[in-house]
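Numbering of residues begins at 1 and proceeds along the displayed sequence.
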Amino acid sequence: MAKAKKLPSGQWRALVYDYTDANGKRHYESFTADTKKESEYMAADFSLNKKRRSKPINLTVRESIDEYIKNSDAVLSPTTIQGYNKIKRNSYQEIMEIPLKNLSQEILQNAINSESKRPSKRNGCNYKTVSPKTVKNSWGLIAAVINRYYPSLDYSIKLPAAENVIKELPPPEVIMNVVKDTEIELPVLLAMWLSFSMSEIRGLKRSSINNGYISIKEVVVDVNCEAVHKKQAKAFTRIRKHEIPDYIQQLINKTNVGSDELISLSGHAIYMRFKRLLEKNGLPHMTFHDLRHVNASVMAMLRIPDKYAMERGGWKTDKVMKKVYTHTFSEEREKVDTIIDNYFETTLGIKKQKIDINKYHAWLTLCGKTDSNDSKSEFIDFMQHEMQHIKKEP
């Protein structure tokens, strides 16, 4: 236990060892009070809690972020860690070298103000400074670090108000015409029609298709410019499946033949091709992710009930929705899919060929096949081939 010594001023001071820095210098915490007992009590309280707080609060904000990542890397995704390191490099630079124990509410608020004025590095961005959303997201990491390693610090601050940005997006038929017969037609339609994200599209495989349905079982993201395969999406609602529309099935049949991988292009390559097509056709800038917004707008226009819209897009967070992804689709959900498929097929100018159900089932039995979109496509090709033979006969 630290012993307090009387100072010339008449007060009492107790010194407690805190830590040794990289240069081997020992650092002490000083506790001064009017009485010997009070000074020694403060020192004892510090010693009792030293194990919990000594190392973290003496680390700088940058070092604390490293510590936070190291202690959480088993539960953080590679993309999340990459994002944290990006924040450490670019955001809140004026406090990165300050020890946690020297932070104050005023210092943090000043850092927020400075960060809100930081020039944006985003290519093609219309903002002169980083967006309020970026400021808020980056602050989320700083707040999490403080909460873990220095919870007694009052870090309540005021963040910039979020901007209400209204984006004008081209209608679906315009986008379809732009990408038709290009190498990115399939990924664009998977995003705009089925509401798949870029990482979900890149993770699709032919083995993801079963009985006419395509499932999200894996995603592919870029981490430090390298493609990383993840066996699960970021939320359970993103693990979903869709019935494959005939037109998309035809594109799948013609794409990357001979490989289990549906899309071989990288996310960057897909986006750059998409961007160039928009520019070439005089269309306003939009991100690839905006295609999911187009899909949401189409569902709103078609008055698809929220439950099914969220189901298709993977936006639902209610635990009850888990059951939907492990069972056969309900009759109502199938009607919703038909409405949306009919809209996009009409927009594409596709006239669906009617199938003679009796002949189709007879063909299934004869060929030993099961009912699926692939089987229907095969049957249509078979019938067209037969019709050509009939026409050639005298």
Side-chain angles (χ1 to χ4, degrees), residues 61-62 64-65 68-69 76-98 103 105-147 155-170 175 191-192 195-201 219 221-225 233-235 238 267-268 270-272 274-276 278-279 283-297 300 310 313-315 317:
V61 173
R62 189 183 306 279
S64 298
I65 292 175
Y68 183 84
I69 293 173
L76 296 176
S77 71
T79 48
T80 298
I81 293 174
Q82 179 178 245
Y84 286 171
N85 284 321
K86 183 178 178 181
I87 290 171
K88 188 178 65 175
R89 287 193 310 271
N90 301 324
S91 305
Y92 297 97
Q93 293 305 295
E94 68 178 65
I95 63 170
M96 282 296 166
E97 307 308 327
I98 298 178
L103 292 177
Q105 189 179 32
E106 182 180 3
I107 290 174
L108 293 174
Q109 187 63 65
N110 288 337
I112 292 285
N113 293 339
S114 297
E115 182 66 11
S116 301
K117 299 172 185 176
R118 179 169 65 87
S120 173
K121 294 182 180 180
R122 289 177 59 190
N123 294 326
C125 182
N126 295 323
Y127 298 109
K128 293 182 180 179
T129 58
V130 295
S131 69
K133 181 180 179 182
T134 298
V135 174
K136 182 178 180 180
N137 289 347
S138 300
W139 168 252
L141 173 60
I142 305 295
V145 167
I146 294 173
N147 184 59
Y155 57 92
S156 55
I157 43 79
K158 186 174 182 180
L159 291 165
E163 296 176 325
N164 185 20
V165 179
I166 299 176
K167 207 168 189 178
E168 293 294 334
L169 299 175
I175 299 172
M192 186 168 64
S195 195
F196 290 165
S197 69
M198 178 73 84
S199 62
E200 291 168 345
I201 291 168
V219 296
V221 296
D222 288 326
V223 178
N224 298 322
C225 300
K234 65 181 180 180
R238 301 295 286 271
H268 179 71
I270 293 171
Y271 171 67
M272 292 308 295
F274 181 57
K275 181 182 177 183
R276 283 195 289 269
L278 293 175
E279 292 172 349
L283 296 175
H285 169 78
M286 63 183 293
T287 66
F288 193 85
H289 190 76
D290 284 335
L291 293 168
R292 271 171 54 85
H293 292 262
V294 173
N295 175 269
S297 298
M310 291 180 181
W315 294 304
T317 56

A.B. asks: Between S138 (side chain only) and T134 (backbone N and O only), is there a donor and an acceptor less than 3.5 Å apart?
C.D. replies: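 Such a contact is found between S138 side chain and T134 backbone.
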A.B. asks: Return the minimal non-hydrogen interatomic distance between I175 and P170, and the atom names on each side.
C.D. replies: CD1-O, 3.7 Å
A.B. asks: For residues I65 and M96, determine if any side-chain heavy atom of one lies less than 4.5 Å from a side-chain heavy atom of the other.
C.D. replies: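 Contact flag for I65/M96 side chains = yes.
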A.B. asks: Kindly indicate whether the side chain of S197, heavy atoms from C-beta on, has any atom under 4.5 Å from the side chain of V219.
C.D. replies: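 Of all side-chain heavy-atom pairs linking V219 with S197, none is under 4.5 Å.
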A.B. asks: Quick check: closest heavy atoms across P160 and I112, and the distance to 0.1 Å?
C.D. replies: CD-CG2, 4.1 Å
A.B. asks: Go through Y155 and N147 one step at a time and tell me if the side chain to side chain contact (heavy atoms under 4.5 Å, CB included) criterion holds.
C.D. replies: CA-CA 9 Å; Y155 57 92; N147 184 59; 3.4 Å; yes
A.B. asks: Rounded to the nearest 0.5 Å, what separation is found between the OG atom of S91 and the CD1 atom of I142?
C.D. replies: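 The distance works out to 8.0 Å.
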A.B. asks: Would you compute the distance between atom CE of M192 and atom CZ of R292 and round it to the nearest 0.5 angstrom?
C.D. replies: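 Reported value, rounded in 0.5 Å steps: 14.0 Å.
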A.B. asks: Do I270 and M198 come within less than 4.5 Å of each other through their side chains, counting heavy atoms only?
C.D. replies: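 They are in contact (side-chain heavy atoms under 4.5 Å apart), so the answer is yes.
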A.B. asks: For the pair Q82 and N85, evaluate side chain to side chain contact (heavy atoms under 4.5 Å, CB included) and give the outcome as yes or no after the intermediate values.
C.D. replies: CA-CA 5 Å; Q82 179 178 245; N85 284 321; 5.8 Å; no
A.B. asks: Kindly indicate whether the side chain of Y68, heavy atoms from C-beta on, has any atom under 4.5 Å from the side chain of L141.
C.D. replies: yes
A.B. asks: Any donor and acceptor pair, going by atom type alone, linking the side chain of E94 with main-chain N or O of S114 inside 3.5 Å?
C.D. replies: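 No, because the side chain of E94 does not come within donor-acceptor range (under 3.5 Å) of the backbone of S114.
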A.B. asks: I95 vs N110, test: side chain to side chain contact (heavy atoms under 4.5 Å, CB included). Steps then yes/no.
C.D. replies: CA-CA 10 Å; I95 63 170; N110 288 337; over 6 Å; no
A.B. asks: Please report the interatomic distance NZ(K158) to CG(N113), rounded to the nearest 0.5 Å.
C.D. replies: 10.0 Å
A.B. asks: Looking only at the side chains, is there a donor atom on one of D290 and T287 sitting less than 3.5 Å from an acceptor on the other?
C.D. replies: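 Yes, because at least one side-chain N or O of D290 sits under 3.5 Å from a partner of the opposite role on T287.
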A.B. asks: Can you find a side-chain donor-acceptor pair between Q105 and S156 that sits under 3.5 Å?
C.D. replies: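 Per modelled atom types, Q105 and S156 side chains form a pair under 3.5 Å.
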A.B. asks: About how many Å separate CD of E115 and CD1 of I87, when rounded to the nearest 0.5 Å?
C.D. replies: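 It is 9.0 Å, given to the nearest 0.5 Å.
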A.B. asks: Looking at A191 and N295, what are the two nearest heavy atoms and their distance?
C.D. replies: O-CB, 4.2 Å
A.B. asks: Within the supplied structure, the quantity of interest is the number of heavy atoms (other residues, nucleotides, ligands) at a distance under 6.0 Å from E106 CD; does it exceed 12?
C.D. replies: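 Open.
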A.B. asks: Parallel, tilted or perpendicular: which fits the ring planes of Y92 and W139, with parallel below 30° and perpendicular above 60°?
C.D. replies: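 Because their plane-to-plane angle lies in the 30° to 60° range, the rings of Y92 and W139 count as tilted.
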A.B. asks: Do K136 and K133 come close enough that some side-chain heavy atom pair is under 4.5 Å?
C.D. replies: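 Not in contact.
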A.B. asks: Does any part of the side chain of R118, heavy atoms only, come nearer than 4.5 Å to the side chain of N90, both counted from C-beta?
C.D. replies: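 Result yes, sub-4.5 Å side-chain heavy-atom pair found.
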A.B. asks: Which heavy atom of E97 sits nearest to which heavy atom of R62, and what is that distance?
C.D. replies: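 Heavy atoms of E97 and R62 come nearest at OE2-NE, 2.6 Å.
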A.B. asks: Distance check, rounded to the nearest 0.5 Å: F288 atom CZ versus Y271 atom OH?
C.D. replies: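 Here the interatomic distance stands at 11.5 Å.
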A.B. asks: Does the side chain to side chain contact (heavy atoms under 4.5 Å, CB included) test come out yes or no for H285 and L278, once each step is laid out?
C.D. replies: CA-CA 7 Å; H285 169 78; L278 293 175; 5.8 Å; no
A.B. asks: Quick one: side-chain contact (heavy atoms from CB on, under 4.5 Å) partners of K117, sequence neighbours excluded?
C.D. replies: none
A.B. asks: How far does CD1 of I107 sit from CD1 of I157, to the nearest 0.5 angstrom?
C.D. replies: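 It is 14.0 Å, given to the nearest 0.5 Å.
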A.B. asks: With a 4.5 Å heavy-atom cut-off, do V145 and S64 have their side chains touching?
C.D. replies: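 In contact.
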A.B. asks: Who are the side-chain contact (heavy atoms from CB on, under 4.5 Å) partners of T80, not counting sequence neighbours?
C.D. replies: L76, S77, Y84
